[in-house]
Amino acid sequence: LLTDGREFVAAVRLARPGALWLLVLLPALGLLNRWAAGRRRRAVAAVGRPAAVAGQLTHPRPRRRWLGLAYPLAWALLVLGIAGPRWGQSDEPGVAVGRDVVVVLDLSRSMLAEDMTDPKAKARWEGARAGALDLLNAMERRGGHRVGVVVFAAKPKLVCPLTTDYRHASAVLEAVDGRFPPPECRGAGDPGITSGTRFGAALVAAVEAHDPRFAGSQDIFLLSDGDDPEEADREWVRGANAARVANVPVYCVGVGSPTEPTVLGEVEVFSTRLEEGDDKPLRRIADETLGGYVAARTAAPRLGEFFLARVEGQKPRTVVGDDQVPQPKDRYPWLLVPALG
């Protein structure tokens, strides 16, 4: 019974949660009621003794103690009904209106560096994943947005196409492990791969993951340390050009320490740090695509706040096409009818 109750409470959504502030009226109404009752007693006492006055009534009113509980219960039900409770699934799917966001997560070897300050997410890839999950939680709270996930190293892989199923997208992100990236991302044996960090290929994959029908309502979040050992080949330009042509701003999130290099590797030793200079790929990609740069550095990025403040208010999608979102069913009559009764 307790498990079913918790699942029910977790399933309830409110159409107008701001109306819950009306519940603060209940204590005020209680105090007003006590004040009014005191005035009535004083008025009766001015006429005579209450017992004597009550004896003069032709039809004395019986005491109804249940009213002491009925009135506050009715007010509580009325406020909850006005808040618009919803649970279950409606027969008519609604159309989500929001933005399409593709999260691009760097899983190259440099992202294994443990220079993050969060004890639960010491590695860069863990901090980046935490930031992506924070972004997803903010999108889920507002609803209507679609999200996709691309991971990359030497090659990109689309692990979650655009969807409004936030639970699935969260499960995909939580399953990402930078220590064991997908084999498709390694590029082993491919003579065309000269680096283990290919920003351009990852951005091209992210642009292709977008729905071309909704240009202008699309975004890319690139989470990386910006460390590309083959930066001189300017491979990232290809991805920036693809995003610019498709009118998709790229928000680059830099994770890692920009000042203290971390040494990695056993056979092939190398040092790595966050590369966020004005002439580095992360800044250049953000500038050329009219996106933005988020300097998370050694702290887990708060991308949820950034998305709500900087991105969400831009032009939304007006239709979703075939990707319709099942809407919860309005249940306010179950509360308003007994409240008014």
Side-chain angles (χ1 to χ4, degrees), residues 103-133 149-159 172-206 221-239 252-286 293-301:
V103 176
V104 182
L105 193 59
D106 185 356
L107 297 182
S108 60
R109 286 194 304 164
S110 62
M111 294 292 286
L112 296 173
E114 296 185 354
D115 54 3
M116 305 295 286
T117 56
D118 189 341
K120 296 182 179 179
K122 292 184 177 181
R124 294 174 186 172
W125 68 268
E126 291 177 308
R129 183 181 65 179
L133 288 171
V149 181
V150 171
V151 297
F152 77 99
K155 288 184 176 181
K157 180 182 179 182
L158 177 65
V159 293
V172 169
L173 279 172
E174 290 172 355
V176 170
D177 191 334
R179 298 166 298 179
F180 307 102
E184 298 90 336
C185 296
R186 297 173 184 169
D190 190 337
I193 300 297
T194 60
S195 170
T197 307
R198 299 283 82 180
F199 298 113
L203 291 176
V204 169
F221 278 79
L222 171 62
L223 295 94
S224 172
D225 57 10
D227 190 357
D228 183 1
E230 297 294 334
E231 178 188 337
D233 66 2
R234 295 174 56 83
E235 185 269 348
W236 60 267
V237 174
R238 181 166 64 99
C252 297
V253 184
V255 294
S257 173
T259 57
E260 300 180 5
T262 301
V263 178
L264 293 175
E266 297 179 357
V267 178
E268 183 181 348
V269 179
F270 65 98
S271 64
T272 175
R273 67 179 182 181
L274 169 61
E275 301 290 349
E276 60 174 358
D278 292 339
D279 59 338
K280 298 298 181 179
L282 293 183
R283 295 270 191 181
R284 296 290 300 277
I285 291 171
Y293 178 72
V294 181
R297 296 176 180 168
T298 57

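Quick caveat, the model's predicted, so the values are computed rather than measured.
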**Q.** Over all atoms of both residues, closest heavy-atom pair of A296 and P301
**A.** CB-CB, 3.6 Å

Q | Sub-4.5 Å side-chain heavy-atom contact between L282 and K280 | A | no

**Q.** Where S257 and E260 come nearest, the two heavy atoms and their spacing
**A.** OG-N, 3.2 Å

(Q) Between T197 and F152, is there a side-chain heavy-atom distance shorter than 4.5 Å? (A) yes

(Q) Let me confirm one number: the CG-CZ distance from L107 to F180, rounded to the nearest 0.5 Å. (A) 12.5 Å

Q: Report yes if some heavy atom in the side chain of V151 is under 4.5 Å from a heavy atom in the side chain of P181; otherwise report no.
A: no

**Q.** D228/F199 under side-chain contact (heavy atoms from CB on, under 4.5 Å): CA gap, chis, key distance, verdict
**A.** CA-CA 8 Å; D228 183 1; F199 298 113; 3.8 Å; yes

(Q) With a 3.5 Å distance limit and no angle check, can you tell me whether T117 reaches the backbone of T298 through a side-chain donor-acceptor pair? (A) yes

Q | Closest non-hydrogen atom pair, A153 against C185 | A | CB-O, 3.4 Å

Q.
Is any side-chain heavy atom of V255 closer than 4.5 Å to one of E126?
A. no

(Q) If you define the side chain from C-beta out and look only at heavy atoms, does anything of E275 sit under 4.5 Å from P281? (A) no

Q | Taking every non-hydrogen atom, the tightest pair across V204 and G239 | A | CG2-CA, 4.0 Å

Q | Separation of S108 OG from D225 CG (nearest 0.5 Å) | A | 5.5 Å

(Q) Any heavy-atom pair between the side chains of L105 and F221 that's under 4.5 Å? (A) no

**Q.** G178 versus L112, closest heavy-atom pair with distance
**A.** O-CD2, 3.6 Å

Q | Minimum side-chain heavy-atom gap T262-E114 below 4.5 Å | A | no

(Q) To the closest 0.5 Å, what do you measure between CD (E174) and CZ (R129)? (A) 7.5 Å

Q | R284 side, atom CZ; R234 side, atom CZ - distance, nearest 0.5 Å | A | 5.5 Å

Q. Once you round to the nearest 0.5 Å, how far does CD1 of I193 lie from CD of E230?
A. 11.5 Å

Q: Could you please spell out the steps behind the side-chain contact (heavy atoms from CB on, under 4.5 Å) verdict for W125 and D177?
A: CA-CA 8 Å; W125 68 268; D177 191 334; 3.5 Å; yes

Q) Pick one: which of D227, D106, T272 meets side chain to side chain donor-acceptor pair (under 3.5 Å) with R124? A) T272

Q. Does the side chain of P258 come within less than 4.5 Å of R297's, by heavy atoms?
A. yes

Q. So, for M111 and A128, which heavy atoms are closest and what is the spacing to 0.1 Å?
A. CE-CB, 4.1 Å

Q: Without swapping roles, check the side chain of R283 against the backbone of E276 for a donor-acceptor pair under 3.5 Å.
A: yes

